[in-house]
Amino acid sequence: MAGHVVPHFHNSAGVPSISIGAREFMCVGALPPYDHPHVFLDMGSDDEIICPYCSTLYKFDGHLHGTESNPPGSLYETPAAA
């Protein structure tokens with residue numbers, strides 16, 4: 001898996017579901033400091049999965065790129081070190 005970046009998504013908006021373009025990803029809950037343990041989720045051949053921590057329903061959408069989401073803005077990017 002070297003060289004493969006796993007996208008991280010958050011649900012700070014509190015929406016019931018988020019469509020994403022990846023089947024393997026990390027859910028962080030809300031943006032820090034309100035995040036939960038960053039959990040790896042793998043949909044496998046399914047088209048949706050529920051985060052066991054925050055109950056966000058993630059739906060796979062093949063029209064989206066791996067880091068895109070609907071609603072937009074759900075991608076979590078780790079802040080660069082100062």
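Bear in mind the structure is a predicted one, so any value in this text is a computation, not a measurement.
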Problem - Single-linkage hydrophobic cluster, 4.5 Å side-chain cutoff, Y53 and Y76 together - result: no

Handout entry: Same cluster (ILVMFWY, side-chain, under 4.5 Å), I18 and L75
Key = yes

Problem - With N70 via side-chain hydrogen bond (donor to acceptor under 3.5 Å, both in side chains) - residues at least two apart - result: none

Practice task
Verify whether one side chain among T56 and N11 offers a donor that lies under 3.5 Å from an acceptor in the other.
Solution key: yes

Problem - same_hphob_cluster(V39, M43) at 4.5 Å side-chain heavy-atom cutoff - result: yes

Practice task
Write down the atom of A22, the atom of P7, and the distance for their closest heavy-atom approach.
Solution key: CB-CG, 3.9 Å

Problem - For V6 against E24, the heavy-atom pair lying closest together - result: CG1-O, 4.1 Å

Exercise for the section: Look only at the side chain of S74 and the backbone of S69, and say whether a donor-acceptor pair between them is shorter than 3.5 Å. Expected result: no

Problem - H8 versus V28, closest heavy-atom pair with distance - result: CD2-CG1, 4.0 Å

Problem - NZ on K59 to CD1 on I50, rounded to 0.5 Å - result: 10.0 Å

Problem - Check: H10 side chain, E77 main-chain N or O, donor-acceptor pair, under 3.5 Å - result: no

Practice task
Please name the pair of heavy atoms, one in D61 and one in S19, separated by the smallest distance, quoted to 0.1 Å.
Solution key: CB-CB, 4.2 Å

Problem - Rounded distance [0.5 Å steps], CD1 in I20 versus CZ in F9 - result: 4.5 Å

Exercise for the section: Would you check if L41 and P52 make a side-chain contact, meaning some heavy-atom pair closer than 4.5 Å? Expected result: yes

Handout entry: Pair listing, side chain to side chain donor-acceptor pair (under 3.5 Å) test, anchored in residues 25-44, at least two apart
Key = D35-H38

Handout entry: Set of salt bridge (charged side-chain N to carboxylate O under 4.0 Å, His left out) partners for D47, sequence neighbours left out
Key = R23

Practice task
Kindly compute the distance separating SG (C27) from CZ (F40), expressed to the nearest 0.5 Å.
Solution key: 12.5 Å

